[in-house]
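The structure appears below as C-alpha cells.
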Amino acid sequence: MPASFTILPRRGLVYVDYAGHVGLAEVFSIVEAYDRQPDRHPDQRHLVDLTRVTGFEHDPLTLMKLQARKADIFTTTAMPSLVVYIAPTRVAMTLAQLAMRSWDGNDKIIVRLQQDEAGALNLLGLRHRTVAELLKADA
C-alpha cells in the first residue's frame with residue numbers, strides 16, 4: 001500500500017494519501033513517521049485522500065489500537081482537530097466510515113466526509129478545486 005503525507009505548515013494542514021490495499025501495519029508506520037516530523041503540530045487539520053484505495057484490512061482490535069495512538073498525537077491541544085476524508089468510491093466510503101466511528105465520543109476530533117476533492121477543500125476553507133492545485137500552490 002503506497003501511503004504518504006505532506007505537511008503544509010503555512011496552511012496548518014496535513015495531506016495524507018492512501019492508494020491500493022490499506023494495511024493497518026502500514027498505517028501505523030505512517031502515523032509514527034508523522035509523529036517524528038519537526039513540522040508536526042497538534043493544531044493541524046488533516047485531509048485524508050482515499051480516492052485510490054482499492055481495499056483495506058479489517059481488524060477491529062488493531063483499528064482501535066491505531067485510533068488510540070492517533071488520539072495520543074492529535075488530541076493534545078485545547079481545540080478540536082478537524083479530519084476531512086475524501087471518499088468517492090464504495091470501498092473508500094466504507095473505510096472512512098469505519099475510521100469515523102472509531103472517533104465517536106471523542107470531542108477532540110471533528111471528522112467530516114466528502115465524496116470529492118472540491119467539497120473537502122471547501123470544508124477546510126481552501127479556495128483550491130483539486131488537491132493537485134493545492135499541493136502545487138504550496139510547493
Any donor and acceptor pair, going by atom type alone, linking the side chain of Gln44 with main-chain N or O of Asp39 inside 3.5 Å? yes
About how many Å separate CG of Asp104 and CD1 of Ile109, when rounded to the nearest 0.5 Å? 12.5 Å
Ala87 versus Leu113, closest heavy-atom pair with distance: CB-CD1, 3.5 Å
From CD (Gln114) to CG (Asn122), nearest 0.5 Å: 8.0 Å
Any sub-3.5 Å donor-acceptor pair from Arg129's side-chain atoms to Leu134's backbone N or O? no
Could you walk me through whether Tyr34 and His46 pass side chain to side chain contact (heavy atoms under 4.5 Å, CB included), step by step? CA-CA 12 Å; Tyr34 168 72; His46 293 77; 3.7 Å; yes
Short side-chain donor-acceptor distance under 3.5 Å, Tyr18 and Asp49: no
So, do Leu13 and Leu126 sit near enough that their side-chain heavy atoms are less than 4.5 Å apart? yes
Is Met64 reachable from Phe56 through a run of I, L, V, M, F, W or Y residues, each pair having side-chain heavy atoms under 4.5 Å apart? no
If we only count heavy atoms from C-beta on, is the Val84 to Leu82 side-chain gap below 4.5 Å? yes
Walk me through whether Arg112 and Val83 qualify under side chain to side chain contact (heavy atoms under 4.5 Å, CB included). CA-CA 6 Å; Arg112 297 292 181 259; Val83 179; over 6 Å; no
Here the gap from Met100 atom CE to Gln67 atom CD, rounded to the nearest 0.5 Å, amounts to 11.5 Å
For the pair Ser29 (side chain) and Ala25 (backbone), establish whether a donor and an acceptor sit closer than 3.5 Å, ignoring hydrogens and angles. no
Evaluate the side-chain proximity of Leu47 to Val14: yes if any heavy-atom separation is below 4.5 Å, no if none is. no
Does the pair Lys108 and Trp103 meet the rule for a side chain to side chain contact (heavy atoms under 4.5 Å, CB included), with working shown? CA-CA 9 Å; Lys108 294 287 189 165; Trp103 292 116; over 6 Å; no
Indicate yes or no: at least one non-hydrogen side-chain atom of Glu32 is less than 4.5 angstrom from one of Arg69. yes
Quick one: closest heavy-atom pair of Leu66 and Val31, and the distance? CD1-CG2, 4.1 Å
State, yes or no, whether a side-chain contact exists between Leu98 and Leu63 at a heavy-atom distance under 4.5 Å. yes
Answer whether the closest heavy-atom distance between the side chains of Leu135 and Tyr15 falls below 4.5 Å. yes
Do Leu8 and Thr6 touch side chain to side chain, with heavy atoms closer than 4.5 Å? yes
Between the CZ atom in Phe5 and the CD1 atom in Ile30, the distance rounded to the nearest 0.5 Å is 6.0 Å
Closest approach of Glu57 to Leu24 (non-hydrogen atoms, all atoms of both residues): OE1-N, 2.8 Å
Can you give me the closest heavy-atom contact between Ile110 and Pro80, atom names plus distance? CD1-CB, 3.8 Å
Donor-acceptor contact present, side-chain His41 to main-chain Asp43, <3.5 Å: yes
Cut-off 3.5 Å, side chains only: do Gln115 and Tyr85 have a donor facing an acceptor? no
What about Val131 and Val53, same hydrophobic cluster or not, with Ile/Leu/Val/Met/Phe/Trp/Tyr joined at side-chain heavy-atom distances under 4.5 Å? no
Does the Arg45 side chain pair with the main chain of Ser81, one donor and one acceptor, at a distance under 3.5 Å? no
Determine, stepwise, if the pair Val48 / Ile86 fulfils side chain to side chain contact (heavy atoms under 4.5 Å, CB included). CA-CA 6 Å; Val48 182; Ile86 304 171; over 6 Å; no
State the CG-CD1 distance between Asp138 and Ile7, to the nearest 0.5 angstrom. 12.0 Å
